[in-house]
Amino acid sequence: MKQIELKILDARIGKEFPLPEHATAGSAGMDLRACIDQPMIIQSGETQLIPTGIAIHIADPNLAATILPRSGLGHKHGIVLGNLVGLIDSDYQGPLMVSCWNRSENAFTLEAGERLAQLVFLPVVQATFEVVDSFESSDRGEGGFGHSGKL
Ligand SMILES: O=c1ccn([C@H]2C[C@H](O)[C@@H](COP(=O)(O)OP(=O)(O)OP(=O)(O)O)O2)c(=O)[nH]1
Ligand SMILES: [Mg+2]
C-alpha cells in the first residue's frame with residue numbers, strides 16, 4: 001500500500017465525512033465526497049466545480065491519480081465529469097476538485113458529503129521523443145480507427 005500525503009482543507013473531512021479510502025480489499029478507487037455546505041441543485045446540462053475538502057501531493061512522478069465518474073451516478077442520473085476524466089499531476093498540491101456535469105435532462109440535487117466521483121492511482125511512465133524518419137514495421141502498421149471492421 002502506497003502512502004500519499006493528504007491535507008485536510010475542510011474540518012468535516014475525517015469526522016462528518018470519512019477520509020477517502022478503498023471501500024473493499026479489491027476496490028480500485030476511493031470515493032470522493034462533495035464538500036459543500038448545503039445541498040446543491042445541478043440543473044440539466046450544467047457543470048459545477050465541487051471541492052472535495054482535501055489536497056493530495058502524490059510527489060512520485062511515476063504515479064498519477066485520475067478522477068473517474070461513479071457508475072451508478074453516471075448511468076442512472078447522468079452525473080459525470082465536465083472534463084470526462086480528471087488527471088491529477090504528481091506535483092499538484094492544490095485543492096482536489098471535481099468538475100461535476102449533469103448530462104441528464106433532469107435537475108440533480110447533490111447532497112453535502114455525497115460520494116460523487118472516485119480517485120484512482122495509476123502508474124505513469126514519463127517519456128521523451130526520439131524523432132525518426134521511419135518505423136520498423138508492425139503487424140498493425142497505420143491501420144486504425146476501425147479499419148479492422150465492426151464484428
Ligand atoms: O478533475 C480535476 C482535474 C485536475 N485537477 C487539478 C490537478 C491537476 O494536476 C491540475 C491541472 O490539471 P490539468 O493539467 O488536467 O488541467 P489544465 O487545464 O492543463 O491546467 P494547468 O494549466 O494548470 O495544467 O488540476 C483537479 O483537481 N481535478
Ligand atoms: Mg495541464
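One is the number of the first residue; the rest follow in order along the sequence. What you see below is based on every heavy atom in this structure, not just the backbone, and it leaves out hydrogens, waters and symmetry mates. Here the structure is a predicted model, which is why all the values come from computation and not from measurement.
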Not counting sequence neighbours, list each pair that qualifies as a ring pair (Phe, Tyr, Trp, His ring centres under 6.0 Å) and has a residue in residues 71-90. His77-Phe108

Not counting sequence neighbours, which residues clear side-chain contact (heavy atoms from CB on, under 4.5 Å) with Glu16? List them please. Arg12

Sequence neighbours left out, what passes side-chain contact (heavy atoms from CB on, under 4.5 Å) with Pro95? Give chain and number order. Leu9, Tyr92, Met97

Within the structure provided, determine whether Pro18 and Arg33 are in side-chain contact (heavy-atom separation under 4.5 Å). yes

To the nearest 0.5 Å, how far apart are [atom1] in [X] and [atom2] in [Y]?
X     : Y     : atom1 : atom2 : result
Met30 : Ile56 : CE    : CD1   : 8.5 Å
Ile8  : Ile13 : CD1   : CD1   : 7.0 Å
Thr24 : Glu21 : OG1   : CD    : 10.0 Å

Please list, chain by chain and in numerical order, all residues satisfying salt bridge (Lys or Arg N to Asp or Glu O under 4.0 Å) with [X], sequence neighbours excluded.
X      : result
Asp89  : none
Lys15  : none
Arg103 : none

Would you mind listing the cluster partners of Trp101? Hydrophobic ones only (ILVMFWY), side-chain contacts under 4.5 Å, chaining allowed. Val80, Leu84

Restricting to pairs with a member in residues 52-65, which pass side-chain hydrogen bond (donor to acceptor under 3.5 Å, both in side chains), not counting sequence neighbours? Lys2-Asp60, His57-Gln93

Residue pair Asn102 / Ser104, side-chain donor-acceptor N/O under 3.5 Å: yes

Is [X] linked to [Y] within one hydrophobic cluster, defined over Ile, Leu, Val, Met, Phe, Trp and Tyr using a side-chain heavy-atom separation of less than 4.5 Å?
X     : Y     : value
Leu81 : Val85 : no
Leu68 : Ile4  : no
Val98 : Ile54 : yes
Ile67 : Ile36 : yes
Ile50 : Leu87 : no

List for me each residue that meets side chain to side chain donor-acceptor pair (under 3.5 Å) alongside Ser44, sequence neighbours excluded, and say none if there are none. none

Side chain to side chain donor-acceptor pair (under 3.5 Å) filter on Thr47, not counting sequence neighbours, yields none

Please set out all donor-acceptor pairs under 3.5 angstrom arising from side-chain atoms of residues 111-132, sequence neighbours excluded.
from   : atom 1 : to     : atom 2 : distance (Å)
Glu114 : OE1    : Glu111 : N      : 2.9
Arg115 : NH1    : Asp31  : OD2    : 2.8
Gln118 : NE2    : Pro69  : O      : 3.0

Which heavy atom of Ser90 sits nearest a heavy atom of Leu63, and at what distance? CB-O, 3.5 Å

What heavy-atom pair brings Phe17 and Ala34 nearest, and what distance separates the two atoms? CE1-O, 4.2 Å

Which atom pairs, donor and acceptor, lie under 3.5 Å between side-chain atoms of residues 137-151 and protein residues at least two apart or in another chain?
from   : atom 1 : to     : atom 2 : distance (Å)
Ser138 : OG     : Gly141 : N      : 3.0
Arg140 : NH1    : Gly143 : O      : 3.0
His147 : ND1    : Gly144 : N      : 3.4

